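Structure first, commentary second.
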Amino acid sequence: MQGMKISDFMSRHPVAFTPSESIESAVERLLQTKQRGGPVLDEQRKVIGFLSEQDCLAAMLRDTYHKEQTATVSDCMYRGEVLCVGADEAIADLAQRMDIGKPKIYPVIDMDTKQLVGVISRTDVLGAIDSYFQDSYRRR
């Protein structure tokens, strides 16, 4: 399983946001793509934050209560250190780091340029592990 790389299972076309994007636009894109969140990128495609469904829900409820619709991604996104992974890392290593309380979606970056190249979710990792076991079973 060590030979299975993140790049083999990641989404290469993730939903990503800019800080100035409206929260309504971000929600619309999350709903269209059926993704639970995505990285927030600067002009150089470097990850500067993360916007989750939970962030959007809180912002929209607050805006509805105040009858306003002025929030931007920057107002709502997680601004702490975003846990990113490299495309060449092993799926097994990432799976071991996906403890309870850790992110469900990891931005995948080019380790040299630090630019976003995709995302990988717990579901993707689970699918990778399942395919490994299915292949092992078929080889018996």
Side-chain angles (χ1 to χ4, degrees):
M1 195 156 102
Q2 281 301 114
M4 299 172 73
K5 301 292 181 199
I6 288 173
S7 60
D8 297 329
F9 298 94
M10 70 183 192
S11 168
R12 294 180 184 279
H13 303 287
V15 63
F17 307 100
T18 63
S20 61
E21 186 173 353
S22 74
I23 202 67
E24 293 81 16
S25 171
V27 166
E28 188 64 31
R29 291 196 306 123
L30 284 174
L31 293 172
Q32 287 173 352
T33 60
K34 298 186 184 335
Q35 292 188 30
R36 295 177 179 245
V40 181
L41 308 177
D42 66 11
E43 299 82 30
Q44 290 79 40
R45 294 195 45 83
K46 293 182 180 175
V47 178
I48 59 169
F50 196 89
L51 185 71
S52 69
E53 288 176 319
Q54 184 176 350
D55 300 327
C56 294
L57 183 59
M60 292 189 83
L61 282 172
R62 183 187 64 242
D63 289 352
T64 300
Y65 179 76
H66 294 291
K67 295 181 177 45
E68 300 171 4
Q69 292 185 343
T70 59
T72 64
V73 168
S74 180
D75 297 331
C76 308
M77 70 184 198
Y78 172 75
R79 293 177 177 277
E81 181 184 353
V82 177
L83 298 177
C84 297
V85 295
D88 291 331
E89 291 182 41
I91 284 284
D93 293 342
L94 177 57
Q96 290 175 357
R97 292 193 314 240
M98 288 184 145
D99 295 337
I100 294 173
K102 293 285 177 90
K104 295 172 182 69
I105 302 169
Y106 286 76
V108 181
I109 60 172
D110 178 295
M111 295 308 279
D112 295 326
T113 66
K114 304 298 185 208
Q115 291 181 325
L116 183 75
V117 295
V119 296
I120 191 157
S121 69
R122 286 183 181 174
T123 303
D124 298 327
V125 172
L126 188 60
I129 294 169
D130 182 59
S131 73
Y132 172 79
F133 284 119
Q134 293 296 327
D135 288 347
S136 296
Y137 180 74
R138 282 189 278 261
R139 283 183 261 165
R140 289 184 187 179

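All values derive from a computational prediction rather than experimental measurement.
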Got a sec: does the [atom1] of [X] have more than 12 other heavy atoms crowding it under 6.0 Å?
X	atom1	answer
Arg122	CZ	yes
Gln32	CD	yes
Gln54	CD	no

Could you check whether any side-chain heavy atom of Gln134 comes within less than 4.5 Å of a side-chain heavy atom of Asp130, counting everything from C-beta outward? yes
Notebook entry, point to check: Are Phe9 and Val125 side-chain neighbours, meaning at least one heavy-atom pair lies under 4.5 Å?
Noted result: no
Apply side chain to side chain contact (heavy atoms under 4.5 Å, CB included) to Asp88 and Ile6, showing your working.
CA-CA 6 Å; Asp88 291 331; Ile6 288 173; over 6 Å; no
For [X] against [Y], the heavy-atom pair lying closest together:
X	Y	answer
Ala71	Glu24	O-OE1, 4.3 Å
Ser20	Thr72	O-CG2, 3.9 Å
Val119	Ile105	CB-CG2, 3.9 Å
Gln35	Val15	OE1-CG1, 3.2 Å

Taking it one step at a time, do Ile120 and Ser11 satisfy side chain to side chain contact (heavy atoms under 4.5 Å, CB included)?
-> CA-CA 6 Å; Ile120 191 157; Ser11 168; over 6 Å; no
Quick one, Tyr106 with Met10, criterion side chain to side chain contact (heavy atoms under 4.5 Å, CB included). Give me CA distance, side-chain angles, the key distance, then yes/no.
CA-CA 9 Å; Tyr106 286 76; Met10 70 183 192; over 6 Å; no
Can you measure from [atom1] ([X]) to [atom2] ([Y]) and round to the nearest 0.5 angstrom?
X	Y	atom1	atom2	answer
Asp124	Lys104	CG	NZ	14.5 Å
Leu116	Asp110	CG	CG	10.5 Å
Cys76	Phe50	SG	CZ	14.0 Å
Leu30	Ile23	CG	CD1	8.0 Å
Cys84	Met111	SG	CE	8.5 Å
Lys102	Arg97	NZ	CZ	8.0 Å

Are the side chain of [X] and the backbone of [Y] linked by a donor-acceptor contact shorter than 3.5 Å?
X	Y	result
Gln115	Gln44	yes
Thr33	Arg29	yes
Lys34	Leu31	no
Glu89	Gly86	yes

- Message: For Ser74 and Arg79: C-alpha separation, side-chain torsions, deciding distance, then whether side chain to side chain donor-acceptor pair (under 3.5 Å) applies.
- Response: CA-CA 9 Å; Ser74 180; Arg79 293 177 177 277; 2.7 Å; yes
Cluster overlap [X] with [Y], hydrophobic side-chain contacts below 4.5 Å:
X	Y	value
Tyr132	Leu126	no
Val73	Tyr78	no
Met98	Ile109	no
Val108	Ile129	yes

Apply side chain to side chain contact (heavy atoms under 4.5 Å, CB included) to Met77 and Phe17, showing your working. CA-CA 10 Å; Met77 70 184 198; Phe17 307 100; over 6 Å; no
- Query: Looking only at side chains, do Ser7 and Arg12 share a donor and an acceptor under 3.5 Å apart?
  - Reply: no
